Amino acid sequence: THHRPPVEAYLRTVYDKLVIRIENIVILGSGNWGMALAGVLCKSRSVRVWTKDAADAEALRASETSRGMKQSPSKYKAGAPRSFSIEEKFASDVDPTTTLFILAVPSGQVRAVAKELAAHYREPLIVSVSKGFDAGRQRTMSEVIRDEIPGARVVVLTGPTIANEVADGKPTRAVLACQDLMHLALVKETLCNDIITFEISRDPTHHEICAALKGIVAIAVGMADGLDLGTNAQGVLMTEGLRELSVVASFFGIPESIAYGTSGAGDLITTCISPDSRNRKLGRLLAGGLTLEQALSEVQMTVEGVAMSTTIQTLWSLDVSIPLFHTVHAILSGEARDIRGELTALIQRRRQP
């Protein structure tokens, strides 16, 4: 009997046959995730972080000299080895044939940044690490990138990747997804590090949809935590969230192996339980009496679950069974004001086994 070689070995074989090698990594975006990736990847590659302008680059360089990026614990800790450069975007020339671009900006900025990139490079190799969804055009982030750069070769990176923990050197596992095996092999080898272990997939869109849904559940869990409803309640909400993730996955033809895998259930659970989760923090703030606008201002970063809750609401009108997603949308939109009552009803809702 002939056995197929393991996927890892096969990808390595593909990589060994490639003439192309990546020498440089350019990370567009100097937020928590972008800087965490820079700190991890610079151990084996030449890395530069591109900021939105020269002033931001100078501020980051200055803060690195003092206490670490923006004096935030999510940036590499003071005293830790850092050997990546920080500069204004497009301030220096790079060879696109030997450069990997990582788009690490909030999802709402991906289209604009991709459009800028398109003005300089026709066929860049890009890793998309933004978890979100373009609700207006019904596009995932990799699709948004290809809208603006038709020749782009895009690989999706997603999974349970809380930036603070990655920056602190705590291990995790993520998914690299792309239909093209050559691009997968090249990116996997380029991003190889001792913190993040990568699974590979040839189904990027389905992984992106699952990643975008998880924030809605984390908002609900955060509200329950803020109302001191207890861990039992939070467990029930996470269970309901996983069920609804599976329901939506079935609606879109997403395999259960993805819905209950690293980018689905794994990312959902992480976002629900992590104190660093923006979605969970937003839920806690709403439970404390803040308006949505006030809570978003307090979080100070993009909360992907808010926009996604509006997007997924369409399925409720099609009689898809997603009561948790519907409840969170009703609370965020102001249609439901009794958060405790809404969550309690959801938790105590009788459901057929």
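These figures come from a predicted structure and were not determined experimentally. The figures that follow rest on heavy atoms only: side chains count, while hydrogens, waters and symmetry mates do not. We count residues from 1, following the sequence as given.
Here Glu342 contributes atom CD and Ile339 contributes atom CD1; the two are 9.5 Å apart, rounded to the nearest 0.5 Å. One distance of note links OG of Ser83 with NZ of Lys43; it measures 10.0 Å at 0.5 Å rounding. Here CG of Leu292 is found 4.5 Å from CG of Leu296. Values are rounded to the nearest 0.5 Å. One distance of note links OG of Ser274 with CG of Asn279; it measures 10.5 Å at 0.5 Å rounding. Atoms OG1 and CG, on Thr190 and Leu41 in that order, are 9.5 Å from each other to the nearest 0.5 Å. Taking OG from Ser30 and NZ from Lys89, the interatomic distance works out to 10.5 Å, rounded to the nearest 0.5 Å.
Looking at heavy atoms from C-beta onward, Ser92 lies in side-chain contact with Arg48 at the 4.5 angstrom threshold. At a threshold of 4.5 Å between non-hydrogen side-chain atoms, the residues Val306 and Val303 count as touching. Considering only heavy atoms from C-beta on, Leu157 comes within 4.5 Å of Leu191 through its side chain. Here the side chains of Leu324 and Leu346 are in contact, with some heavy-atom distance below 4.5 Å. Put simply, the side chain of Phe325 reaches to within 4.5 Å of the side chain of Val217, judged on heavy atoms. The shortest side-chain heavy-atom distance between Thr98 and Arg21 does not fall under the 4.5 Å cut-off. Side-chain contact between Leu315 and Val248 is present, with heavy atoms from C-beta onward closer than 4.5 Å.
Under the 4.5 angstrom side-chain criterion for Ile, Leu, Val, Met, Phe, Trp and Tyr, Val156 has no cluster partners at all.
Under a cut-off of 6.0 angstrom, the local environment of CD in Gln294 is crowded, with over 12 non-hydrogen atoms contributed by other residues, nucleotides or ligands. Within a 6.0 Å sphere centred on CG of Asp319, other residues, nucleotides and ligands contribute 12 heavy atoms or fewer. Within 6.0 Å of CD in Glu123 there are 12 or fewer heavy atoms belonging to other residues, nucleotides or ligands. Around CG of Asp93, the count of heavy atoms belonging to other residues, nucleotides or ligands within 6.0 Å does not exceed 12. For Arg173, the CZ atom is loosely surrounded, since the number of other residues' heavy atoms within 6.0 Å does not exceed 12.
Counting only N and O atoms by type, the side chains of Glu87 and Trp50 include a donor and acceptor under 3.5 Å apart. Side-chain contact, His207 with Ser263: a donor N or O sits under 3.5 Å from an acceptor N or O.
Among residues at least two apart or in separate chains, ring pair (Phe, Tyr, Trp, His ring centres under 6.0 Å) pairs with a member in residues 91-131 are Phe90-His120, Phe101-Tyr121.
Contacts of Glu189 classified as side chain to side chain donor-acceptor pair (under 3.5 Å), with partners at least two apart in sequence or in another chain: Arg12.
A side chain to side chain contact (heavy atoms under 4.5 Å, CB included) with Ile22 holds for exactly one of Thr99, Leu125, Thr97; it is Leu125. Checking Glu116, Glu143, Glu148 one by one against Arg111, the salt bridge (charged side-chain N to carboxylate O under 4.0 Å, His left out) holds for a single residue, Glu148.
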query: Is there a side-chain hydrogen bond (donor to acceptor under 3.5 Å, both in side chains) between Thr262 and Glu199 once you walk through the steps?
result: CA-CA 9 Å; Thr262 301; Glu199 299 176 359; 2.8 Å; yes
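Under the 4.0 Å criterion applied to side-chain N and carboxylate O atoms, Arg202 and Asp180 are not assigned as salt-bridge partners.
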